[in-house]
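One structure below.
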Amino acid sequence: MYKTIAGALLICWSLGVAAQVPQHAYFPQALCKQEGVKVVTVYETQIDNPGSQSGHANRIRLARDMMRQNFYNTDGLAYRSLRFQDGGKSIKTEVLRTYNQQQLLGKEVQQHYNTNLSDSTKLIQSHQALYAYTAAGAVLSVENALLSADNLTKVDSVAYMRDAGGILSLEAIYSLKGQPTCILQKAYTYRKNYISSISMVGDLSLNRDEYELDDKGRVVKERNYGPGDELPRLETVYVYDPRGWLEEIRYTPNWQHFAKDQTVVSCKNKYDDHGKLVEVQQDYGDGKRRMEFYDYTYWVEN
């Protein structure tokens with residue numbers, strides 16, 4: 001099965017729980033609040049052959065198709081996210097978020113839609129995640145469920161275990177179908193400027209991830225291994241500019257596990273003078289290029 005690299009290069013529309021590994025925030029709450037950001041709209045352009053300077057092979061396709069939108073409240077928190085299909089003609093996924101009094105994510109509902117041949121959009125599936133926190137504000141658990149009409153079916157939960165200093169040591173996923181049963185664990189190991197994690201089912205080791213950090217605590221290199229691998233299936237390098245903004249992500253895949261037309265090998269970010277992301281250039285293994293452009297609307301415009 002081939003895997004598309006998307007998580008680190010597309011822009012955090014899902015506020016999933018980060019582990020102890022540092023994550024880059026493209027739309028930090030403090031910046032969105034300070035700038036008064038209300039909506040971020042993402043447009044896409046595809047370029048057939050970026051190496052060609054002229055001619056038919058260099059044509060731009062799907063120019064300025066609307067792909068995603070993120071909506072922010074006046075506190076700079078993203079409370080609604082949309083992912084579009086058909087160039088923005090219909091909604092594919094909608095995510096709704098509510099926060100607790102400490103402005104921590106309390107509930108996230110993700111709704112999936114389908115548009116049939118008669119252009120009738122229908123809700124086909126809905127997921128709910130409920131978050132619980134320690135007194136210090138660290139994630140304690142996440143409970144996931146499926147929503148159907150007025151029915152809620154619990155699916156699984158994730159427990160986060162920490163040491164006395166609050167450092168994450170173990171994630172455990174429990175199936176909630178019948179008696180709660182642990183079905184997967186993820187254990188973390190720490191050394192100076194280094195974090196590793198191993199996923200396990202019982203005593204069987206599965207995927208392994210390694211992270212190298214610089215002296216500022218930023219991830220500069222990541223290696224991902226499959227079960228029994230001696231060489232990484234994917235190696236990722238993160239490059240920061242002098243201001244500390246994530247400037248480029250470079251991917252080195254093991255092509256036995258990836259499809260070139262689905263795999264990004266380079267991602268370059270551009271920001272405005274205040275640090276807001278305005279452009280992302282993604283180059284694929286087959287030589288194609290995809291550009292994303294970020295348009296901002298602000299509360300003061302109303």
Side-chain angles (χ1 to χ4, degrees), residues 3-35 76 78 104-105 134 136-139 160-171 186-199 207-226 229-254 257-258 263-283 285 292 294:
K3 173 184 175 184
T4 302
I5 303 171
L9 44 109
L10 297 183
I11 312 301
C12 299
W13 294 102
S14 174
L15 294 181
V17 177
Q20 203 65 33
V21 177
Q23 302 290 317
H24 182 82
Y26 287 98
F27 301 103
Q29 178 188 354
L31 179 61
C32 290
K33 181 178 181 179
Q34 177 182 333
E35 295 283 303
L104 300 171
L105 180 62
T134 66
V139 178
Y160 295 85
M161 283 148 269
R162 303 172 186 274
D163 63 18
I167 302 299
L168 181 65
S169 59
L170 184 71
E171 298 178 36
K186 191 173 185 179
Y188 291 86
T189 301
Y190 303 89
R191 299 199 302 269
K192 179 177 174 57
N193 295 342
Y194 175 87
I195 302 173
S196 67
S197 66
I198 298 179
S199 299
N207 295 341
R208 175 167 55 94
D209 303 309
E210 297 178 345
Y211 306 89
E212 294 181 16
L213 283 62
D214 63 13
D215 290 336
K216 296 182 178 180
R218 303 175 300 192
V219 176
V220 292
K221 183 175 288 189
E222 177 182 349
R223 289 180 290 271
N224 310 114
Y225 298 82
D229 287 347
E230 294 184 2
L231 298 175
R233 296 192 179 189
L234 178 66
E235 186 170 280
T236 307
V237 173
Y238 301 87
V239 180
Y240 302 86
D241 69 13
R243 299 163 296 189
W245 301 341
L246 184 57
E247 183 176 53
E248 184 177 1
I249 310 173
R250 295 194 292 266
Y251 303 91
T252 305
N254 180 334
H257 304 284
F258 296 88
T263 304
V264 175
V265 295
S266 174
C267 176
K268 297 179 180 179
N269 301 324
K270 290 185 179 180
Y271 304 85
D272 67 9
D273 291 339
H274 295 182
K276 297 195 302 300
L277 188 68
V278 294
E279 180 182 306
V280 175
Q281 174 185 303
Q282 298 177 10
D283 290 310
E292 289 189 346
Y294 295 76

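Along the sequence shown, the residues carry numbers beginning at 1.
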Checklist outcome for this item: With Tyr238 as partner, the option from Arg250, Glu222, Arg218, His24 fulfilling side chain to side chain donor-acceptor pair (under 3.5 Å) is Glu222

Checklist outcome for this item: Interatomic distance, CG@Leu213 vs NZ@Lys192, rounded to 0.5 Å, equals 10.5 Å

Checklist outcome for this item: The salt bridge (Lys or Arg N to Asp or Glu O under 4.0 Å) partners of Glu247 (sequence neighbours excluded) come to none

Item to check | With sequence neighbours excluded, residues passing side chain to side chain donor-acceptor pair (under 3.5 Å) with Arg208 | outcome: Glu210

Next on the checklist: I need the minimum non-hydrogen distance between Thr263 and Pro253, along with the two atoms involved.
Outcome noted: CG2-CG, 3.9 Å

Checklist entry - Considering residues at least two apart in sequence or located in another chain, which fulfil the side-chain contact (heavy atoms from CB on, under 4.5 Å) criterion with Val220? => result Glu212, Asp214, Tyr240

Next on the checklist: Please give me the minimum heavy-atom distance between Val139 and Tyr160, naming the atom from each residue.
Outcome noted: O-CB, 3.5 Å

Next on the checklist: I'd like to check the ring-ring contact (aromatic ring centres under 6.0 Å, His included) partners of Tyr211; sequence neighbours left out, ordered by chain and number.
Outcome noted: none

Checklist outcome for this item: Value for CH2 (Trp245) from CG (Leu277), rounded to nearest 0.5 Å, stands at 10.5 Å

Next on the checklist: According to side chain to side chain donor-acceptor pair (under 3.5 Å), who are the partners of Arg191, at least two apart in sequence or on a separate chain?
Outcome noted: none

Checklist outcome for this item: For Met161 and Leu168 the tightest heavy-atom approach is O-CD1, 3.5 Å

Checklist entry - What residues, two or more places apart in sequence or in another chain, satisfy side chain to side chain donor-acceptor pair (under 3.5 Å) together with Asp215? => result Asn193

Checklist entry - With a 4.5 Å heavy-atom cut-off, do Ser169 and Tyr188 have their side chains touching? => result no

Checklist entry - Among all residues two or more places apart in sequence or in another chain, which pass the side-chain contact (heavy atoms from CB on, under 4.5 Å) test with Ser266? => result Glu248, Lys268, Asp283

Item to check | Between CD on residue Glu35 and NE2 on residue His274, distance to nearest 0.5 Å | outcome: 5.5 Å

Checklist entry - Which heavy atom in Cys267 sits nearest to a heavy atom in Tyr251, and how many Å separate them? => result CB-CE1, 4.4 Å

Checklist entry - So how far is it from Asn224 CG to His257 NE2, rounded to the nearest 0.5 Å? => result 11.5 Å

Item to check | Distance (rounded to the nearest 0.5 Å) between Leu170 CG and Lys186 NZ | outcome: 11.0 Å

Next on the checklist: Under the rule for side chain to side chain donor-acceptor pair (under 3.5 Å), what residues qualify as partners of Asp163, not counting sequence neighbours?
Outcome noted: none

Checklist outcome for this item: On a heavy-atom basis, the closest approach of Leu246 and Ile249 is CD2-CD1, 3.8 Å

Checklist entry - Between CG of Leu234 and OG1 of Thr252, what distance do you get to the nearest 0.5 Å? => result 7.5 Å

Checklist entry - Can you tell me if NZ on Lys33 sees more than 12 non-hydrogen neighbours from other groups inside 6.0 Å? => result no

Item to check | Pairing residues for Gln29 by the side-chain contact (heavy atoms from CB on, under 4.5 Å) criterion, not counting sequence neighbours | outcome: Asp75, Leu77, Gln103

Item to check | Partners meeting side-chain contact (heavy atoms from CB on, under 4.5 Å) with Asn207 (sequence neighbours left out) | outcome: Pro227

Item to check | Close side-chain approach of Tyr294 to Val280, heavy-atom, < 4.5 Å | outcome: yes

